[in-house]
Amino acid sequence: MTKPRVIYWFRTDLRLHDSPALQAALDLDPAVLWPVFTFHSSMSITELNPKSKLFVLREGPQTLFKKLFKAWRVTHLVFEKDTDVYGRERDAVVVKAAEEAGVEVVVRSGRTLWDSDEVVKKNNGKPTMSIAQLQHAGERVGDIPRPIAAPKSLPDPGQMPVDFEQDEPDTQPDFNEPSREGKDTAYKDIAGPNGDFATETMEELGFPSATTSIRGGESLALKALGKIIEDKKYTATFEKPKTSPAQFEPQATTLLSPFLHFGALSVREFFWRVQDVVTEYGKGASSPPMSLTGQLYFRDMYFAAQAALGAPFHQTATNPYIRFVPWHLPSKRDITSGMVTGEYHVDSEEAEIWFKRWRNGVTGFPWIDALMRQLKQEGWIHHLGRHSVACFLTRGGCYVDWERGAEVFEEWLLDHEPACNAGNWQWLSCTAFFAQYYRCYSPISFGQKWDKEGALVRKYVPELKDLDKKYIYEPWKAPIADQKKAGVRVQGDGLGDREKGTYPKPMFDFPERRNVCISGLKKAYAVGLHGNDERVLNGTWRDLFPSPDEAEVMNEYDSDGGEHADRADQRTHDKGAQQVGKKRARNESVPEAPPKKQSKRQQTLNFRNK
DNA sequence: TAAATTGTTGGATCA
DNA sequence: GTGATCCAACAATTT
């Protein structure tokens, strides 16, 4: 009886601690084990076996594995379950190839507290739309597994011939093109330019160096977690709504979300390390959903909602659980499938300008601009900061479709999880999960509440750094004398080449916009359509919003199909820098990381340099 | 069953 | 500075 020859495929579990799938691979007692990654990363595997390391193969898994199975005489493929929409599609292709090659596939769940598919089953097949539902379903699934110890050793890898044709991935459309300084040369050879299965460098990918200060990898994750756990009071009494979105260096929250995203830190390990502190702390500890473990419940809730709904979870059209609101800049859709295409209609030039100014951090509202610039530079902002800017773009200011905002977050957030991103945008836009649309974040008061001095604004909006705190959230109110004293003039619309020493005027009157939005939401709630409604899909929803001259929510919209289709096409926004998102997520051959995500690569490289 | 309560994180005003 | 109250009011869950 020959021993198994196993490929261990790293995916969203870039760690050795608490990896049920890696444990399953080792339980096979393999003769050889290849730790492979079909993208880019690195790990401290060599510490366990000097002959081994993370082997990065530069080809899409859909085409690569069927060739590897044969060339390496593989008997088993082991990996961690991925319930993302793209992940499921990709894995189905790989599993089919394995079946055809007679390779046994072993899959283990480890990305969430509970297996999301099991949660859905216990929630009667429905998406978990509240924390209570998630908690009840989770209890019925069973106890959250305790973490598994990291392996003490690893088998040798086998021979790794790559003497087969490389299938060049399809790199068009290249959504990262606007961010590249050079050409993407990462795909020249399967084993890399030196044949050593090395991680791609930034230069190979054609990207400039990263701007974020965040670094990653498993050892840094465990170190950061250890430090948090040490502070028992912080850990046990943590209440998310009481942490400040204006605090930076250090941030008020744990900053562990990027590690969770890459799987460098196990969510179960996080949970139990915290839970043990909470149990020990006893009376006075906080509890879910506000507590630290409660934050992990939200993550599981969104993952299980996505597991139940699939692709429609990421859009309004066809989604029965999302309220229809006639937002500006709605997504274009494929007429037959109803799926969004990644482009959108520009129904309002004004809204398009607002969206651009929001994205670029030049709205003229310093609190919003500081957060958007921090997001772009660091790839991370505090959860309540995300609330502020998301509310502002959608139901509390611009009345722009939440799908536009979600695309920007997808591009810039280091900790971006498709499920959490879509779910939180639905929450903030009051289209699902949350409905109190009259609770609206003010771009002035909310910042003031947390940061009277305006330190976050001064850091990320340096034009205003010397402005008196009296005007720091409302610079347009500063008398000319005060502006002069601070070396800034409030003028312009923030677009194009901004004159040095200026900061833009606010792009609208916020109280006025707030009222427009709230009445728009009120109307949309009264109409009561959901994303799967036929009238939403065929455009006759317009008949239910009857007064075209009443408010902007009554503006004429174009959606695909119907008599407006031609005009809709004419007005469609050109596919440009903003059009990141759905398509990229579906195509692993397109490098996953735009510039802000470059740190993803650096963080893993840091592993060995610790 | 209908009514009351609760829901991770609002703002303005006033005591 | 902090807490209570109102604002105008949704939806799920509990009682």
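Reminder, nothing fancy here: chain letters follow the sequence lines and each chain counts from 1.
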For Y460(A) and D369(A), test the side chains for any donor-to-acceptor distance below 3.5 angstrom and give the result as yes or no. no

Rounded to the Å, how far apart are K523(A) NZ and dA9(C) C1'? 18 Å

Atom-to-atom span, CD of Q448(A) to C1' of dT2(C) - whole angstrom: 17 Å

Does a donor on one side chain and an acceptor on the other come within less than 3.5 Å for T243(A) and H382(A)? yes

Is there any protein nitrogen or oxygen under 3.5 Å from a nitrogen or oxygen in nucleotides 12-15 of chain C, and what are the pairs?
unit_1, atom_1, unit_2, atom_2, d
dT13(C), OP1, Q133(A), NE2, 3.0

Of the non-hydrogen atoms in D82(A) and D84(A), which two are nearest, and what is the gap between them? OD1-N, 2.9 Å

Side chain of E453(A), backbone of A455(A): donor and acceptor closer than 3.5 Å? no

How many whole angstroms separate atom NZ of K449(A) from atom P of dG1(C)? 15 Å

Looking at DNA chain B, which of residues 293-301 of chain A put a heavy atom within less than 4.0 Å of it? Q295(A), F298(A)

Over 12 foreign heavy atoms within 6.0 Å of NZ, K452(A): yes

Taking the six-membered ring for Trp, are F365(A) and W476(A) ring centroids under 6.0 Å apart? yes

Where do G361(A) and M372(A) come nearest, in terms of heavy atoms and distance? CA-CB, 4.0 Å

Verify the distance criterion only: is there a donor paired with an acceptor across the side chains of S213(A) and E378(A) at less than 3.5 Å? yes

Please measure how far the P atom in dC6(C) lies from the corresponding atom in dT5(B), and state the result in whole Å. 15 Å

Heavy atoms within less than 4.0 Å of DNA chain B: which residues of residues 436-444 of chain A have one? Give them sorted by number. Q436(A), R439(A), C440(A), Y441(A), S442(A)

If you look at every strand shown and take non-hydrogen atoms under 4.0 Å, does W450(A) touch a base, only sugar-phosphate, or nothing? nothing

Identify the two heavy atoms, one from W380(A) and one from L413(A), that lie closest to each other, and give their separation to 0.1 Å. CA-CD2, 4.2 Å

Electrostatic pair E80(A)-R111(A), nearest N-O below 4.0 angstrom: no

Ring centers of Y437(A), Y525(A) separated by less than 6.0 Å: yes

Rounded distance in Å between the C1' positions of dT1(B) and dT13(C): 14 Å

Those residues of residues 237-257 of chain A lying under 4.0 Å from DNA chain B by at least one heavy atom: K240(A), P241(A)

Between Y302(A) and F433(A), is the ring centroid distance below 6.0 Å? yes

Aromatic centroids of Y441(A) and H387(A) separated by under 6.0 Å: yes

Show me, range against range, the stems involving DNA chain C, built from at least 3 consecutive Watson-Crick or G-U pairs below 3.5 Å. B:2-7 with C:10-15, B:10-15 with C:2-7

Run the ring-centre check on F324(A) versus W541(A) and record whether the distance is less than 6.0 Å. yes

Shoot me the first and last contacting nucleotide of DNA chain B against chain A, ordered 5' to 3', at under 4.0 angstrom to non-hydrogen atoms. dG7(B) to dA12(B)

Establish, from distance only, whether the side-chain atoms of Y344(A) and D401(A) form a donor-acceptor pair under 3.5 Å. no

Show your reasoning for whether ring-ring contact (aromatic ring centres under 6.0 Å, His included) applies to Y399(A) and W327(A). CA-CA 6 Å; Y399(A) 215 72; W327(A) 305 112; 5.0 Å; yes

Between Q295(A) and K240(A), do the side chains contain an N or O donor and an N or O acceptor separated by less than 3.5 Å? yes

Using a strict threshold of under 4.0 Å (side-chain N to carboxylate O), is an ion pair present between R386(A) and D415(A)? yes

